[in-house]
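Note sheet for the following structure.
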Number of protein chains: 2
Amino acid sequence: MDFKKDDSAGYLINHMARLFARELQHQIAPLGIVVGQFPILLELWLKDGVTQKDLLGKIDVEQATLANTLNRMERDGLIKRTKNPADARAQLIWLTERARALREGAYESAQKVNTEALQVLNESERTQFINSMRLVINSMRSD
Amino acid sequence: MDFKKDDSAGYLINHMARLFARELQHQIAPLGIVVGQFPILLELWLKDGVTQKDLLGKIDVEQATLANTLNRMERDGLIKRTKNPADARAQLIWLTERARALREGAYESAQKVNTEALQVLNESERTQFINSMRLVINSMRSD
DNA sequence: TATTATTGCATAGCATGCTATTCAAGTGAT
DNA sequence: ATCACTTGAATAGCATGCTATGCAATAATA
């Protein structure tokens, strides 16, 4: 068999993901946040005061990964945790004022990266591209 | 501004990349290799007896990342290094017999992951998808 | 040729992801 | 009420990626 990396979806996806992460990293560095915190912040900006388990249901990472990232976010003053009156095992996770204030800038950074990266595609290619990713992700998740 | 993660190229790409990596990891685990070694093995299966710098020219990762992965590959008996008669700073990197023997199985594993993951797209969507990724990568790399 | 600059790699330190394991708190069945 | 089961989260240990820095060998230049 022969194998061409430039024809391999997996190879291309990995490469593209690293390029996106680097770009976003550079964009959001001035805000004092890092890429791994982004998905968590997105959820908390929509709704905070939630448990780790709640977050886990919305972000497709392992529980240990989430727990570690939350620890770093607490260390960095982005979240704080309070007792959960309903269950002593879980805590409630809240954004700090600082994190709350970062929202607009973060949205704009992400939007900028997305827009610039997909500039090379035309409108219909962009739509198709996003749709294909959604399809692939859904099919892979439900295996 | 509002921001929908399911419409965000970056978010989708990151998610998809993790799904692919997990899948490939499971496929190649029986071979005794891990995903980060894959791009390097692909190059070395084409041509070994090369320097780290040669490899670096073919794989878009940082030099330190490559150096670390090569160390683990040496530890795992996948490569060995010999003196470079032309330059004492560099060494030549060679596949071991064990690594050489893994090629077909690895190609097949990767092919399988790609095929199954893109099953959800039809022929023309697949082609378009791969092409879009190539365009996006090329434009992001040359910034 | 002696000095300076560049180059090839290695290493330190960190973030993000994973699997596996542990532990305390809650739930259920007897 | 007790004992077993489940669940929410933390932790250990590792791979993969990054930036920054250091170092020895080579190349270039004064």
Side-chain angles (χ1 to χ4, degrees), chain A residues 10-11 13-29 32-41 50-57 59-76 78-79 81-93, chain B residues 10-11 13-29 32-41 50-57 59-76 78-79 81-93:
Chain A
Y11 200 103
I13 287 162
N14 172 270
H15 192 174
M16 191 170 54
R18 284 184 291 111
L19 290 169
F20 262 83
R22 274 187 236 177
E23 206 55 56
L24 183 61
Q25 186 61 84
H26 290 146
Q27 287 291 323
I28 63 179
I33 57 178
V34 287
V35 293
Q37 301 170 344
F38 213 96
I40 300 174
L41 286 169
V50 297
T51 65
Q52 194 182 111
K53 195 202 170 186
D54 292 333
L55 278 179
L56 203 52
I59 303 177
D60 193 15
V61 295
E62 293 303 314
Q63 177 265 325
T65 299
L66 178 56
N68 282 326
T69 303
L70 287 171
N71 280 340
R72 288 189 296 271
M73 291 175 76
E74 189 167 36
R75 179 201 63 190
D76 297 348
L78 293 166
I79 58 165
R81 299 190 245 206
T82 62
K83 284 204 162 147
N84 182 356
D87 187 334
R89 291 169 303 182
Q91 287 174 280
L92 299 181
I93 299 163
Chain B
Y11 200 103
I13 287 163
N14 171 271
H15 193 175
M16 191 170 55
R18 284 183 292 111
L19 290 168
F20 262 84
R22 274 187 236 179
E23 206 54 56
L24 184 60
Q25 187 60 83
H26 289 145
Q27 286 292 322
I28 63 179
I33 56 178
V34 286
V35 292
Q37 301 169 344
F38 213 96
I40 300 174
L41 286 170
V50 297
T51 65
Q52 195 183 110
K53 194 201 168 183
D54 292 332
L55 278 179
L56 204 52
I59 303 177
D60 192 15
V61 294
E62 294 303 314
Q63 176 267 324
T65 300
L66 179 56
N68 282 326
T69 305
L70 287 171
N71 281 340
R72 288 190 296 273
M73 291 175 76
E74 188 166 36
R75 178 202 63 190
D76 296 349
L78 292 167
I79 58 165
R81 298 190 244 206
T82 62
K83 284 204 164 148
N84 182 356
D87 187 335
R89 291 169 303 181
Q91 286 175 283
L92 299 180
I93 299 162

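Values below: all heavy atoms of this structure, side chains included; hydrogens, waters and symmetry mates excluded. First the proteins, then the strands, lettered A, B, ... as listed; each starts at 1.
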Return yes if some donor-acceptor pair links the side-chain N/O of A:Gln37 with the main-chain N/O of A:Val34 below 3.5 Å, else return no.
yes
In 5'-to-3' order, the base (B), backbone-only (S) or no-contact (-) status of each nucleotide in nucleotides 10-20 of chain C, using a 4.0 angstrom heavy-atom cut-off, is BB---SBSBBB
Measure from CG on B:Asp54 to P on C:dG8 and round the result to the nearest Å.
9 Å
Rounded to the nearest Å, what distance is computed from the CG atom of residue A:Asp87 to the P atom of nucleotide C:dT27?
7 Å
For A:Asp60 and B:Leu19: C-alpha separation, side-chain torsions, deciding distance, then whether side chain to side chain contact (heavy atoms under 4.5 Å, CB included) applies.
CA-CA 9 Å; A:Asp60 193 15; B:Leu19 290 168; 4.0 Å; yes
To the nearest 10°, let me know how far the axis at one end of the helix from C:dT1-D:dA30 to C:dT30-D:dA1 is tilted from the axis at the other, five pairs an end.
0°
Can a donor-acceptor pair be found, under 3.5 Å and without considering hydrogens, that links the side chain of B:Asn68 to the backbone of B:Thr65?
no
What are the two closest heavy atoms between B:Ala17 and A:Ile13, and how far apart are they?
CA-CG2, 3.5 Å
Contacts of A:Glu62 meeting side-chain hydrogen bond (donor to acceptor under 3.5 Å, both in side chains) (sequence neighbours excluded), chain-then-number -> none
Distance only, no hydrogens: is a donor on one side chain within 3.5 Å (strictly under) of an acceptor on the other, for B:Arg18 and B:Asn14?
yes
If I take atom CD from residue A:Gln52 and atom CD1 from residue A:Ile59, how far apart are they, to the nearest 0.5 angstrom?
10.0 Å
So, does A:Asp87 use its side chain to make a donor-acceptor pair with the main chain of A:Arg89 at under 3.5 Å?
yes
Any donor-acceptor pair under 3.5 Å between the side chain of B:Arg89 and the base of D:dT26?
no
